[in-house]
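First the proteins, then the strands, lettered A, B, ... as listed; each starts at 1.
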2 protein chains.
Amino acid sequence: MELDDRKMKILTAVIKNYLETGEPVGSRTISKYTDLNLSSATIRNEMADLVEMGYILQPHTSAGRIPSDKGYRLYVDRMMAEMTTQMDEKNKEVEELKGLLIEKEEKMDAMLKQVARSLAVNTNYASMISAPSVSGSKLKFIQLSRVDANQLVAVVVLEGNIIKNNMIRVAEELDDETLLKLNILLNTHLNGLPIESINLGLIASLKQQAGIHSDIVGDVIDAVAESIQEDEDLEIYTSGANNIFKYPELADGQKASEIISTFEEKQMLTTLVQNTLANEERTGIQVYIGDEMQDSSMKDCSIVTATYELGDGMKGTLGIIGPKRMDYEKVVGTLKKLMRQLEEVRKT
Amino acid sequence: MELDDRKMKILTAVIKNYLETGEPVGSRTISKYTDLNLSSATIRNEMADLVEMGYILQPHTSAGRIPSDKGYRLYVDRMMAEMTTQMDEKNKEVEELKGLLIEKEEKMDAMLKQVARSLAVNTNYASMISAPSVSGSKLKFIQLSRVDANQLVAVVVLEGNIIKNNMIRVAEELDDETLLKLNILLNTHLNGLPIESINLGLIASLKQQAGIHSDIVGDVIDAVAESIQEDEDLEIYTSGANNIFKYPELADGQKASEIISTFEEKQMLTTLVQNTLANEERTGIQVYIGDEMQDSSMKDCSIVTATYELGDGMKGTLGIIGPKRMDYEKVVGTLKKLMRQLEEVRKT
DNA sequence: TATTAGCACTCCAATCAAATGAGTGCTAAC
DNA sequence: GTTAGCACTCATTTGATTGGAGTGCTAATA
């Protein structure tokens, strides 16, 4: 059987209607809703075909139809394709979301929290944002200072002015001169390097040059590596978890509990973010529908993710978690705008 | 009317039973449950009195009784008093909670998250912990370094090895010598000072001594102050929010949504923490029952908080949020143990 | 051949009455 | 002061009934 134009129109109508109401859609409704001028009986025949083809489902014998994951997928893919062709809508709506303006924030985490929050408030869905991965970013500055007899603090500044630090405990006390030498050694060899390029070979070479202090250099490099790595296991901020209660299909006790839990654990979100960053493609926007995510607690949800870039190869992901029947157009639009705004921020 | 011994026993029996079952308790149940050897009829008479006195409630005419906030309050107060007298229970149960062992963590926030999590897992209630307030703590070390032409990074280490940092933008470029002088100036005047003592007078005096660079000193001090203040607006970590779904009286959509929301916003928790820190008393443990909190979303909850101290005047609060009928004894015991453990941590 | 009107049928959801049973309050007896 | 006994209350459960939305199928129509 073939998905001809008419079937497509009916499918779209079913989905759109279901997105609005959340109730199964009957043939009569479609008959009026569309401009096809077909009777409900004809629609029924077509809908029976669509069920057979797997695009819609019938909760029970005498009920209307609801979209299946496959149906949503088709719909979303078409929408995404359309959106990229008619890019003029970009200008049209740019003003619209005032609440989404991002204030310049000195502290990265404060900014991310703010973005997550405003995203949740504006869309009425739950939201998340991952801190930008620093991989690919370059070392800008390293400073080793003595705090007291056997404690040092290592401060590392990356491009994009991300500051990391770490305490280092040293067995033997270091005098000022040695400390100075170490600082010079570290800075001359490491500044400007992308953090990936700090590998074992380089560390060995540094240790050698440090002579009698090779142990300390080892410790220091470890500490530096650790401080960089620190939230390379993707810090994720979430907001608006309670929004899921606005959608009856998620608000049921059992489901809600699972979703909240998944949300809190963040493990699942982390893998999703990694997934998104790995799969990045044309628009940078990806949609996961129901079972397309591994996690069973998300089987009644959809997640829309977007990759943002702050320059210097610092990429992160932001996303919306909502019911399958979420307003994909609005969400995708909002995310696109936010992506653009985040990319502006780096210029300031 | 007077709350004699027998009434007290009956009240306690009602509460204990209700804590377990969550169902209204009838006279017949009490008649068997206690060793009073009284018939249900007598119990009924007494319970009628207890209702009149406000310690228990009757959801509707022909139902059993449930404890009122006043009843809970009496029960909790008595329990707390008992617990402080028979402190031997301390030894008895110390082994019991294996999962509660706190691993030494270099990073404060990682440790706090871990504590919150283990608290939630062990109790089956939601949990929270506030980062220790640094007020009262002393400055240990300040370092100002140039990252590039017009950006400095200020690193501040407080006692307890809390590290804070902040970027500073300067209009005019500073040469190495000036920077060195500034560092010396800051360290000689500020090291060892409790952070509260950095007031306007001191700043003015520093500015004066900085001579032509007084503007910069102002900026720097501001940055330092800001970085210290940063999470003085009480960072709070929460965990186990989904546990509320385990208690039917909270799992209903509307209520759950409000609670989750309150939990996420953290505003209410912040004021609670401040409250707790301000009111600290004998044991350091406080119980808030239902309406004793301002927030209406918490009207069906109780919160038990404990104040921990990491030395150096660094105090924080940890707590448990659950239904009113939570297992107060267990919760208080667990919190006490955790307090002790946290206080051990500082010694390592 | 594609479309449509018509009709019997299905199934959910809402409504209602009756039955159930836990628990009370009160009174009279012990 | 305590208790047995009894009538009464009220939430909850159960089952039967109904209404209506929606389907599938068939026969008539264009």
Student: When all nucleic acid strands are considered with a 4.0 Å heavy-atom cut-off, which category describes A/Thr61: base, sugar-phosphate, or nothing?
Tutor: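 Contact class for A/Thr61: sugar-phosphate only.
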Student: To the nearest angstrom, how far is B/Asn37 atom CG from D/dG1 atom C1'?
Tutor: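 One finds 15 Å between C1' of D/dG1 and CG of B/Asn37, rounded.
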Student: Grab the CZ-P distance between B/Arg65 and C/dA22 for me, whole Å please.
Tutor: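 Checked: the CZ to P distance equals 17 Å.
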Student: Taking the inter-plane angle between the rings of B/Tyr72 and B/Tyr18 on a 0 to 90° scale, is it parallel (under 30°), tilted (30 to 60°) or perpendicular (over 60°)?
Tutor: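 The arrangement is tilted - the two ring planes meet at 30° to 60°.
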Student: Hey, does A/Ala41 reach any base, or is it just sugar-phosphate, or nothing, if we go heavy atoms under 4.0 Å?
Tutor: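 Since a base atom lies under 4.0 Å of A/Ala41, the category is base.
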Student: For A/Asn37, I'd like to know if atom CG has over 12 heavy atoms of other residues, nucleotides or ligands within 6.0 Å.
Tutor: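 No - once you tally the heavy atoms of other residues, nucleotides and ligands closer than 6.0 Å, there are 12 at most.
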Student: Taking N and O atoms by type only, does the side chain of B/Arg44 place a donor or acceptor under 3.5 Å from a partner on the base of D/dG5?
Tutor: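 By the distance-only test, yes, there is a pair.
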Student: Between D/dT23, D/dC10, C/dT3, which one does the side chain of A/Ser27 approach most closely?
Tutor: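 It is D/dT23.
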Student: Counting any heavy atom closer than 4.0 Å, what does B/Ser40 reach on the DNA or RNA strands: base, sugar-phosphate only, or nothing?
Tutor: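 Touches nothing.
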Student: Could you tell me the separation between the CG atom of B/Asp49 and the C1' atom of C/dG25, rounded to a whole number of Å?
Tutor: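 Atom-to-atom, B/Asp49 to C/dG25, this comes out as 13 Å.
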Student: How many whole angstroms separate atom CD1 of A/Ile43 from atom C1' of C/dA2?
Tutor: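 It works out to 14 Å between those atoms.
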Student: What's the CD-C1' distance between B/Glu46 and D/dT3, to the nearest Å?
Tutor: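 Rounding to the nearest Å, CD of B/Glu46 and C1' of D/dT3 are 14 Å apart.
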Student: Measuring to OP1 and OP2 of C/dT3, would you say a side-chain N or O of A/Thr42 lies under 4.0 angstrom away?
Tutor: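 So the side chain of A/Thr42 is outside the cut-off, no N or O lying under 4.0 Å from OP1 or OP2 of C/dT3.
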Student: Is the phosphate of D/dT2 approached by B/Arg6 (side-chain N or O, under 4.0 Å from OP1 or OP2)?
Tutor: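 So the side-chain polar atoms of B/Arg6 do come within 4.0 Å of the phosphate oxygens OP1 or OP2 of D/dT2, strictly under.
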Student: Would you call A/Glu23 and A/Arg325 a salt bridge, using N to O less than 4.0 angstrom?
Tutor: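 The answer is no: the pair does not qualify as a salt bridge.
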Student: Are A/Asp69 and A/Arg73 ion-paired here, with the side-chain N under 4.0 Å from a carboxylate O?
Tutor: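 A/Arg73 and A/Asp69: not salt-bridged.
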Student: A/Ile56 has an atom CD1; how far is it from atom C1' of D/dG22, in whole Å?
Tutor: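 Atom CD1 in A/Ile56 sits about 13 Å away from atom C1' in D/dG22.
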Student: Can you check the B/Asn45 CG to C/dT27 P distance for me, whole Å?
Tutor: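 These atoms are roughly 12 Å apart.
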Student: Calculate the interatomic distance between B/Gln58 atom CD and D/dC10 atom P; express it in whole Å.
Tutor: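 Distance check: B/Gln58 CD to D/dC10 P gives 10 Å.
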Student: Measure the spacing between CE of A/Met293 and CE of A/Met298 and express it to the nearest 0.5 Å.
Tutor: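 Rounded to the nearest 0.5 Å, the CE-CE separation comes out at 6.5 Å.
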Student: Nearest of C/dT3, C/dA5, C/dT10 to any side-chain atom of A/Ser62?
Tutor: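 My answer, after comparing the listed nucleotides, is C/dT10.
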Student: Where each residue is assigned the nucleotide of DNA chain D containing its nearest heavy atom, which of A/Ala63 and B/His60 is assigned the position nearer the 5′ end?
Tutor: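 Counting from the 5' end, the first nearest nucleotide belongs to B/His60.
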